[in-house]
A.B. asks: 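Sharing a structure with you now.
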Amino acid sequence: MLVFVTPHQFIDNICKSLVGKVRSDAEAISLIKGMEVKIEGPCLISTYISEQLGINCSVLMGANLASEIAEEKFSEATVGYGNNREIAEQWVQLFTTPYFMVTPVQDVEGVELCGTLKNVVAIAAGFVDGLDMGNNTKAAIIRFGLREMREFCKLLFSSVKDDSFFESCGVADVITTCFGGRNRKVAEAFAKNGGKRSFYELEAEMLQGQKLQINTFPSSFQLMVNVFPGLLMAIHTSSRLFQLIERDS
């Protein structure tokens with residue numbers, strides 16, 4: 001059983017180094033929240049691992065900030081699996097502890113995409129906090145974001161299940177990330193500084209070696225425009241916001 005839990009930008013080299021060295025009956029699980037965006041379209045990390053190594057790959061996603069898990073505060077997560085319920089139960093048994101509850105869901109694509117797209121919603125939540133727009137607007141951001149996450153997931157994969165969005169990987173992870181995630185934190189600082197300090201500068205200063213959970217900010221904003229139009233409407237698509245964005249692009 002192989003567990004992949006690295007920053008998404010390293011997965012390509014890791015898989016290439018493992019080619020030909022993994023048994024065909026091995027099972028993998030990815031805890032990586034992200035996806036590869038290629039010319040031919042987006043590629044899920046689990047799909048990439050499966051294609052490169054020729055093995056099945058499940059996913060583990062959820063509302064579980066690492067610092068709180070380290071302190072053994074109660075958290076939960078979702079295992080997204082394909083057709084093998086027995087393997088899913090093995091992953092559940094492996095990861096479950098008295099303070100970490102894991103639930104299996106037969107929906108790899110839905111579970112994994114939730115873990116990716118919530119990071120975009122968190123950027124919008126950070127803008128709301130930085131511009132001091134209040135809790136009502138932030139609640140609207142979360143609702144719009146979750147709804148449009150579901151629409152985007154179903155656009156890419158018609159098999160995605162509605163129930164997945166009510167698991168830890170869905171609504172719970174969106175809420176947690178919009179209040180405690182690093183994307184929200186840096187986006188708030190960006191807005192508070194009036195766009196005078198770039199995302200790259202704030203990332204280096206505030207995250208102490210960690211990276212934003214999305215590659216570059218201009219591409220993140222473009223994804224927000226194309227995929228989350230209602231979410232941006234919830235922040236009024238104000239000229240003030242767009243001026244900040246354009247300065248950092």
Side-chain angles (χ1 to χ4, degrees), residues 1-12 14-15 18 22 25-36 42-53 55-122 146 149-150 153 156-157 159-161 163-177 180-183 210-211 213-214:
M1 301 181 86
L2 298 175
V3 179
F4 288 85
V5 54
T6 68
H8 66 273
Q9 58 264 37
F10 299 135
I11 192 64
D12 184 48
I14 290 174
C15 284
L18 291 174
V22 178
D25 62 346
E27 289 286 336
I29 192 166
S30 171
L31 282 64
I32 303 169
K33 296 182 177 181
M35 64 180 175
E36 293 290 323
C43 176
L44 299 179
I45 299 295
S46 63
T47 301
Y48 183 79
I49 292 171
S50 293
E51 291 176 348
Q52 291 294 308
L53 302 181
I55 59 176
N56 181 58
C57 187
S58 304
V59 296
L60 179 74
M61 304 285 159
N64 35 70
L65 296 176
S67 60
E68 295 183 10
I69 296 174
E71 295 173 1
E72 298 189 1
K73 295 179 178 179
F74 179 79
S75 304
E76 59 177 356
T78 309
V79 165
Y81 70 97
N83 298 318
N84 195 328
R85 175 76 183 201
E86 182 179 348
I87 294 298
E89 293 295 348
Q90 290 182 28
W91 288 123
V92 169
Q93 183 179 2
L94 177 66
F95 287 106
T96 297
T97 71
Y99 57 87
F100 193 72
M101 184 175 73
V102 183
T103 303
V105 173
Q106 191 176 9
D107 183 8
V108 174
E109 294 82 6
V111 172
E112 186 167 3
L113 277 170
C114 279
T116 299
L117 296 175
K118 54 96 179 187
N119 290 316
V120 181
V121 181
L146 185 64
M149 281 171 56
R150 183 181 64 179
C153 288
L156 288 181
F157 300 97
S159 61
V160 168
K161 298 178 179 178
D163 288 349
S164 298
F165 296 91
F166 295 97
E167 297 290 343
S168 178
C169 64
V171 60
D173 201 7
V174 172
I175 293 171
T176 295
T177 309
R182 73 188 78 154
N183 279 24
Q210 286 187 308
K211 296 293 183 181
Q213 293 167 299
I214 205 151

A.B. asks: Do you know the tightest heavy-atom contact between Cys153 and Leu113?
C.D. replies: SG-CB, 3.4 Å

A.B. asks: Roughly how far, to the nearest 0.5 Å, is SG of Cys15 from CG of Leu53?
C.D. replies: 4.5 Å

A.B. asks: Do Leu44 and Phe157 touch side chain to side chain, with heavy atoms closer than 4.5 Å?
C.D. replies: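 Leu44 reaches Phe157 side chain to side chain.
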
A.B. asks: Taking the side chain as every heavy atom from C-beta outward, state whether Val102 and Leu60 have any atom pair closer than 4.5 Å.
C.D. replies: yes

A.B. asks: Decide side-chain hydrogen bond (donor to acceptor under 3.5 Å, both in side chains) for Glu167 and Thr78; before the verdict, give the C-alpha distance in whole Å, the side-chain angles of both, and the deciding distance to 0.1 Å.
C.D. replies: CA-CA 7 Å; Glu167 297 290 343; Thr78 309; 4.6 Å; no

A.B. asks: Between Asp173 and Lys33, what is the shortest heavy-atom contact and its length?
C.D. replies: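 Between these two residues, the closest heavy atoms are OD2-NZ, 3.2 Å.
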
A.B. asks: When you measure from the side chain of Ser30 to the backbone of Val59, do you find a donor-acceptor pair of N or O atoms at a distance under 3.5 Å?
C.D. replies: no

A.B. asks: Please give me the minimum heavy-atom distance between Phe100 and Phe95, naming the atom from each residue.
C.D. replies: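 Scanning both residues completely, I find the closest heavy atoms to be CD2-O, 3.4 Å.
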
A.B. asks: Which heavy-atom pair separates Tyr48 from Ile11 by the least distance, and what is that distance?
C.D. replies: CE2-O, 4.2 Å

A.B. asks: A side-chain contact here means heavy atoms from C-beta on lying under 4.5 Å apart; do Val79 and Glu89 qualify?
C.D. replies: no

A.B. asks: Could you give the distance from CE (Met61) to CG (Leu31), rounded to the nearest 0.5 Å?
C.D. replies: 6.5 Å

A.B. asks: Search all heavy atoms of Pro98 against all heavy atoms of Phe74 and return the closest pair with its distance.
C.D. replies: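 Closest pair (atom of Pro98, atom of Phe74, distance): O-CD1, 4.4 Å.
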
A.B. asks: Name all pairs fulfilling the side chain to side chain donor-acceptor pair (under 3.5 Å) condition that reach into residues 95-110, sequence neighbours left out, sorted by first residue then second.
C.D. replies: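 Sorted pair list: Asp107-Ser164.
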
A.B. asks: Within the supplied structure, the quantity of interest is the number of heavy atoms (other residues, nucleotides, ligands) at a distance under 6.0 Å from Asn83 CG; does it exceed 12?
C.D. replies: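 Counting neighbours around CG of Asn83, 12 or fewer heavy atoms of other residues, nucleotides or ligands fall under 6.0 Å, so no.
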
A.B. asks: Would you please name every residue forming a side chain to side chain contact (heavy atoms under 4.5 Å, CB included) with Asn56, sequence neighbours left out?
C.D. replies: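 Partners of Asn56 by the side chain to side chain contact (heavy atoms under 4.5 Å, CB included) criterion, ordered by chain and then number, come out as Glu27, Ser58.
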
A.B. asks: If you draw a 6.0 Å radius around CD in Glu71, do more than 12 non-hydrogen atoms from other residues or ligands fall strictly inside?
C.D. replies: yes

A.B. asks: Between CG of Leu117 and OG1 of Thr177, what distance do you get to the nearest 0.5 Å?
C.D. replies: 11.5 Å

A.B. asks: Could you grab the distance from atom CG of Asn64 to atom OG1 of Thr176, nearest 0.5 Å is fine?
C.D. replies: 8.0 Å

A.B. asks: Quick one: does Phe165's side chain get under 4.5 Å of Val160's, heavy atoms only?
C.D. replies: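 Contact flag for Phe165/Val160 side chains = yes.
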
A.B. asks: Output the distance between atom CG (Leu2) and atom CG (Leu18), rounded to the nearest 0.5 Å.
C.D. replies: 7.0 Å

A.B. asks: Measuring from Gln90:CD to Asn84:CG, what's the distance to the nearest 0.5 Å?
C.D. replies: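 These two atoms lie 8.0 Å from each other.
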
A.B. asks: Could you tell me which non-hydrogen atom of Trp91 sits nearest to which non-hydrogen atom of Val3, and how far apart they are?
C.D. replies: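 In terms of heavy atoms, the two residues are closest at CZ3-CG2, 3.9 Å.
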
